[in-house]
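Lettering follows sequence order; numbering is per chain, from 1.
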2 protein chains.
Amino acid sequence: MGKKEFEITNNIRTLRFFAGEMTQQQLAEKTNASRQTIIAIEAGKYSPSLDLAFRIAHAFGKPIGEVFEYKKTEE
Amino acid sequence: MGKKEFEITNNIRTLRFFAGEMTQQQLAEKTNASRQTIIAIEAGKYSPSLDLAFRIAHAFGKPIGEVFEYKKTEE
DNA sequence: ACATAATGTTAAGTCTATTGTACATCGTGA
DNA sequence: TCACGATGTACAATAGACTTAACATTATGT
């Protein structure tokens with residue numbers, strides 16, 4: 001039971017930076033999620049529901065595909 | 001308490017049609033999900049995980065934003 | 001009429017995302 | 001030094017996604 005062929009990555013950290021150092025706390029409020037959830041997702045501990053993924057993308061004014069990416073695992 | 005301001009819609013039915021009448025069963029197999037899950041999502045009973053959403057988009061060869069849309073609820 | 005394929009429904013159980021709470025660390029400024 | 005804001009971790013509890021299994025409906029082909 002091996003590795004998965006695809007993995008989901010995100011650019012939340014970068015996007016927070018370019019959004020004027022938006023805080024995890026602020027992102028949590030904007031997306032109506034808890035701070036712990038934002039931390040876990042940003043760190044890649046698990047991937048969000050589609051609903052939350054859209055709310056996060058919306059908070060940054062970006063299409064969802066620019067915040068989360070689905071690609072073949074390498075290495 | 002009240003209606004949600006945004007809702008998630010999907011174009012799965014249309015995409016199955018344009019994919020040569022792809023069956024729900026076939027889509028389930030391609031995405032490694034159960035048939036019931038595909039039915040429920042296509043019918044909008046609940047929204048999928050981001051992971052499954054990506055797998056569905058991948059099955060159609062479309063970007064995720066073309067399969068699922070996030071928009072203001074009207075009416 | 002009979003069989004079959006596709007779709008839909010329901011129920012019980014499992015797994016994972018999400019939450020609230022609490023505490024710990026680190027860097028900055030007074 | 002002390003206080004504070006931002007980040008991170010751990011844990012128990014809840015909610016929702018997902019599964020398997022069983023059965024019902026509809027349309028199509030023979």
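Across the protein-nucleic acid pair, A:Leu27 atom CG and D:dT7 atom P stand 10 Å apart, rounded to whole Å. Rounded to whole angstrom, the span from the CD1 atom of A:Ile38 across to the C1' atom of D:dT9 amounts to 17 Å. The CD-P distance, from B:Gln25 to C:dT4, rounds to 16 Å in whole Å. Computed from coordinates, the B:Arg16 CZ to C:dA5 C1' distance equals 13 Å when rounded to whole Å. The CG atom of A:Leu50 sits 10 Å away from the P atom of D:dC18 (whole-angstrom rounding). In this structure, CD of B:Glu42 is placed 17 Å from C1' of D:dA17, rounded to the nearest angstrom.
Heavy atoms of A:Asp51 sit nowhere under 4.0 angstrom from any nucleic acid atom. At a threshold of 4.0 angstrom between heavy atoms, the contacts of A:Ala33 are confined to the sugar-phosphate backbone, with no base atom among them.
Considering only heavy atoms from C-beta on, A:Val67 stays 4.5 Å or farther from A:Asn11 through its side chain. Looking at heavy atoms from C-beta onward, A:Leu52 lies in side-chain contact with A:Arg55 at the 4.5 angstrom threshold. Residues B:Ile8 and B:Tyr46 are not in side-chain contact: their nearest non-hydrogen atoms beyond the backbone lie 4.5 Å or more apart.
Comparing atom distances between the B:Tyr46 side chain and each of D:dA17, C:dT19, C:dT7 picks out D:dA17 as nearest. Of the candidates C:dT18, C:dT7, C:dA17, C:dT7 carries the atom nearest the B:Gln24 side chain, counting heavy atoms from C-beta on. In the set D:dA17, C:dT18, C:dG8, the nucleotide with an atom closest to the side chain of A:Pro48 is C:dT18.
Aromatic ring pairs are classed by plane angle as parallel below 30°, tilted from 30° to 60° and perpendicular above 60°; the pair B:Phe6 and B:Tyr70 is parallel.
Regarding contacts with the backbone of D:dT19, a side-chain N or O of B:Thr37 is found under 4.0 angstrom from either OP1 or OP2. Contact between the side-chain N/O atoms of A:Ser49 and the OP1/OP2 oxygens of D:dG16 is not found at any separation under 4.0 Å. In this model, the phosphate group of C:dT7 is approached by a side-chain N or O of B:Thr23 to a distance below 4.0 Å at OP1 or OP2. Here B:Lys45 does not reach the OP1 or OP2 of D:dG16: none of its side-chain N or O atoms lies under 4.0 Å away.
How far CG of B:Asn10 is from CD of B:Glu69: 9.0 Å, rounded to the nearest 0.5 Å.
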For this session: Would you check, one step at a time, whether the test side chain to side chain contact (heavy atoms under 4.5 Å, CB included) holds for A:Ile64 with B:Leu50?
Result: CA-CA 10 Å; A:Ile64 190 172; B:Leu50 182 59; 4.2 Å; yes
For this session: Go through the steps for B:Ile56 and B:Leu15 under the test side chain to side chain contact (heavy atoms under 4.5 Å, CB included), then give the verdict.
Result: CA-CA 10 Å; B:Ile56 294 173; B:Leu15 289 166; over 6 Å; no
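Between A:Leu52 and B:Arg13, it is B:Arg13 whose nearest contact on DNA chain C lies nearer the 5' terminus.
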Exercise. Reading nucleotides 22-30 of chain C from the 5' end, what letters show protein touch, with B for base, S for backbone sugar-phosphate only, - for no heavy atom under 4.0 Å?
Worked result: B--------
